[in-house]
There are 2 protein chains.
Amino acid sequence: MAGSSTELEHGLSERAQTLLKTLVERYIREGQPVGSRTLARDSKLDLSPATIRNVMADLEELGLVASPHTSAGRVPTARGYRLFVDSLLTVKPLRPATVSRLKRELGERAETPAEVIESASSLLSAVTRLAGVVMLPRVEQVTLRQVEFLPLSGNRVLVILVTNNAEVQNRIIHTGRTYSAAELEAAANYINREFAGRDLRGIREAVAAAMARARDDMGRIMETALAVADRAFEGRRDDDFVLAGQNHLLEYQEMADIERLRRLFEAFNTKRDILHLLDQSLDAEGVQIFIGQESGYEVLDSCSVVTSPYRVGDQVVGVLGVIGPTRMAYDRVIPIVDVTARLLGAALSSE
Amino acid sequence: MAGSSTELEHGLSERAQTLLKTLVERYIREGQPVGSRTLARDSKLDLSPATIRNVMADLEELGLVASPHTSAGRVPTARGYRLFVDSLLTVKPLRPATVSRLKRELGERAETPAEVIESASSLLSAVTRLAGVVMLPRVEQVTLRQVEFLPLSGNRVLVILVTNNAEVQNRIIHTGRTYSAAELEAAANYINREFAGRDLRGIREAVAAAMARARDDMGRIMETALAVADRAFEGRRDDDFVLAGQNHLLEYQEMADIERLRRLFEAFNTKRDILHLLDQSLDAEGVQIFIGQESGYEVLDSCSVVTSPYRVGDQVVGVLGVIGPTRMAYDRVIPIVDVTARLLGAALSSE
DNA sequence: GTTAGCACTCTATGTATTTGAGTGCTAAGG
DNA sequence: CCTTAGCACTCAAATACATAGAGTGCTAAC
C-alpha cells in the first residue's frame, strides 16, 4: 500500500524508482553513462540486464534519462535529477568535522560583518569544491549609529556612516560650497543628537521635510547639517553578492567547453542574472535547487544552483548557495548549504 | 655605419632584424607559424623564400625562433620576443579616444582612492582585453587624520581610522575589559588632539613608550586611550592587488589548456606569486616586461606580464600591469600600461 | 513478467594513405 | 660570395577504413 502510494506520486513503480536512484547516484559518482549490466550489479534488485533495459526504456520515454548515443548507457536528464532530489534523495548527514569547521570559521574567526560574508562564501566553495555565492544581507532597516563629516579639498566632504552595529560605510559627496571643519563637526553633532538610532531612509525624509519647512530662517549649523545629510544619506542599492572559488569549476570535465565557461564567468562578473536568480530564493522556505535550464538562464544550462535564504533574527535578509555542474553530489551539498545558511544567520545576529 | 652599429648590438644583420620583426608582428597578428613564403611577401625586402629560409636557420640557431615541427613555419621564442620588444618594437601611439577614456574614468568618475584603484584595474583589462592588475599603493607614511572608537558588545571596540586624505579603515579589536562610550570618546579625543597628522607607526611607538613610562599614575582617560590605541594601530600588511578581467584570458587560443588555466587562476587567488612578481617592478624605471619563463613562475610560462610602477608625488607607491598570453600586442599594450600608470598616479595625488 | 540470445548501432581506437605546407640542401647563376 | 631555383624530404592534418567493445532493442522462450 505504501508502495502503491509512492507509485502514484509520479507514476513510477517502486522498482523503477530504485533503479533511477541507483543510476543517478552512480552517474554522480562516476560521471559515465550507466549501462544495464552495471545497473543490475549496483542495484540490489537481482534483475537481469534485459529487464533493466525494459525499465530504462520506460524512464527514457518519461524523459527522466537519456542516452548520449545508441550504444552508451543512460544519463539522468534535468527532469531525472529533479525527481531524484525531490523524492529519491537520501541526504547525507554532515561530518562533525565539517560542521565544527564551519562554526569555527564563521563564528569565531570572522570579525566584521563583511568578513563574515566573505568567509561564508569561501567556506561554501571550499567545502563543496564548487563556486560559492553569498548575497549581501539586505537590511531593510539601516539605523544610524553615528555620522562623521570631514572636509576635503574642492568642495568635497568625506562622510563616514556607522550603521546598525559595526557596519562602516564611507563615501565622498560633492557639496555646493566649501564647509569648514568646525561647521561640519557641528552639523554631525546635530545629526547624531537628533537622529541617532533612527532609520536611514526616515532620516532623509525628515531632512527633506526640514529643508522645505525651514527655508532661510534656520541657523547656520542646521543648514549645513541638512545640506550635507541630504546628499550623504542617499539610498544606495547595494544589491550585490560575494563569489568565491569559481576556480573549482575548472576542475570538472563537464565544464570543459571553454566558450561556455567564458560566458558563465562573464555572468559572474555582470552579476545581474545571478542576482535575479538568487532573488527568487529570497522567499523560499529552505534549500532550493535549480537544475540545468530550470534557472531560466542560458549560461546556467548544465549547471545546478543550490540556494538557501538566511535570516537574521526571524527576518530573511539574504540568500547564499553554490553553483556547479548539474552532476554534483546533491546529498552532500544540500546539507552544507543548509547549515551554512543557519550559521551565517547566527554569526550575523551576534554582531 | 648606423647599420653596423645596430648589427653589433646583438650580432644580427639589419636584414635579419627586419625579418625577425616582420615575423613577430605577423605571428602576433595571426597566431600561426610564419613560413618563408609568407615572410617574403610581408617583409618588403624583395628576397626569395629560399634566402629567407637561410636567415631563419640562423635565427633558429640563435634561439630566437623555433618551429613547432619540421614542416611548419617559425614562431618566436621567448628570447625572440625579448629581442623584439627591446630593440625592434615600434610602439603604437594611443588613440586619443583611448587616452581620454582613461582620463575620464580615472580622474573624474572615481571618487575614493579604493574606487580609483578598482577603475584602473578594470580599465587596463577592458582596454587591452587582458587581465589587469593594480597593486594597492603602499603608503610608507600613513598619517592619522582622525580616529573614532565605538563600543560593541563583548569587550569589542570598533575602530574607525581616517588616514591621509580620504582613506577610511575600520577594524574591530578585542580589549581586556569593557569601556564605556564616554571613556572611548574621551580617549579618541585625546589621541586626535595629541597625534593627529603624525605617522601611524610613530604613534604606536609613542603610545608604547607612554605606557611603559606612565604605568599606574596615569589618568583614566589616558589609560584607556593608550590601551585601545596600542591594539588599534597595529601594523597591517596590506600587500594586495586588485585583479580585473581574468575572463579575457579565456578568449585566447593559447590559453586553451584548462589545467594550466586552472593553475594560473589559482595563482591569481593565492596572490603570493603575483605579488612577488609585481614587487620586482617596484624599483624599475618605467614599463617592464616579463616574457614567458622570464618571470620565474611556472604558472606564467606562456604568459607575459607588462608592468609599470606608479608614483604619487615623486614617490613610487605601487605597480600596475597586465597579464596575458606571450603572444600579445606589445606595441599597443606597452603605452596603455605606461599611460595608465601616470594617470593613476595623478588621480591618487589629487585626492 | 522475466530473461537469454542475437542482431544491430555507434564510439573509440588503430592503421594506412594522401595532401599540402614548409623545410634543408645542393647546385647553378649573378 | 650571396642569392635563388629546384628537389627530396618531413611532418601534421585530413580522410578512409577496419576492428573491438559496450550497450541497446527486439524476439522468443520460460
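So that the names make sense, note that chain A is the first sequence line, chain B the second, and so on, each numbered from 1. The model shown is predicted, which means the values in this text are computed figures rather than measured ones.
- Minimum atom distance to the side chain of B:Thr70 is reached by D:dC11, of the listed D:dC11, D:dT4, C:dG24.
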TODO: Run the numbers on A:Arg263 and A:Glu259 for salt bridge (charged side-chain N to carboxylate O under 4.0 Å, His left out), then give the verdict.
DONE: CA-CA 6 Å; A:Arg263 289 215 305 279; A:Glu259 176 51 23; 3.7 Å; yes
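- In this model, the phosphate group of D:dT4 is approached by a side-chain N or O of B:Thr51 to a distance below 4.0 Å at OP1 or OP2.
- Among the protein residues, A:Ala50 comes within range of the nucleic acid bases, having at least one heavy atom under 4.0 Å from a base atom.
- Between the P atom of D:dG23 and the CG atom of A:Leu59 lies a distance of 17 Å, rounded to the nearest Å.
- Scored by the side chain to side chain contact (heavy atoms under 4.5 Å, CB included) test, B:Ala284 finds B:Gln288 as partners (sequence neighbours excluded).
- Both tests pass for B:Lys271 against the ring of B:Phe241: distance under 6.0 Å to the centre and angle within 45° of the axis.
- Contact annotation: A:Arg15 side-chain N/O to C:dT2 OP1/OP2 distance is under 4.0 Å.
- Here B:Ser36 lies in heavy-atom contact (under 4.0 Å) with sugar-phosphate atoms only.
- One side chain, B:Thr51 or B:Ser48, offers a donor N or O that lies under 3.5 Å from an acceptor on the other.
- Rounded to whole angstrom, the span from the CD1 atom of B:Ile52 across to the C1' atom of D:dA5 amounts to 15 Å.
- The distance from atom CG of B:Leu47 to atom C1' of C:dG30 is 15 Å, rounded to the nearest whole Å.
- Sequence order on DNA chain D of the closest nucleotides to B:Asn54 and A:Gly73 puts B:Asn54 first from the 5' end.
- What separates NE2 of A:His69 from P of C:dA12 is a distance of 6 Å, to the nearest Å.
- Between A:Leu45 atom CG and C:dT2 atom C1' there is a gap of 13 Å when expressed in whole angstrom units.
- For A:Arg74, no side-chain nitrogen or oxygen approaches OP1 or OP2 of D:dG23 to under 4.0 Å.
- In this entry the distance linking CG of B:Asp42 with P of C:dG22 reads 12 Å, nearest Å.
- In this model, a donor atom of one side chain and an acceptor atom of the other lie less than 3.5 Å apart for A:Ser281 and A:Thr307.
- For D:dC11, the base has a donor-acceptor partner in the side chain of B:Ser71 [N/O atoms by modelled type, under 3.5 angstrom].
- Comparing C:dT9, D:dG23, D:dT4 by their closest approach to the side chain of A:Thr38 singles out D:dG23.
- Rounded to whole angstrom, the span from the CD atom of B:Gln32 across to the C1' atom of C:dA21 amounts to 12 Å.
- Distance from the side chain of A:Arg53 is smallest for C:dC6 among the nucleotides C:dC6, C:dT2, C:dT9.
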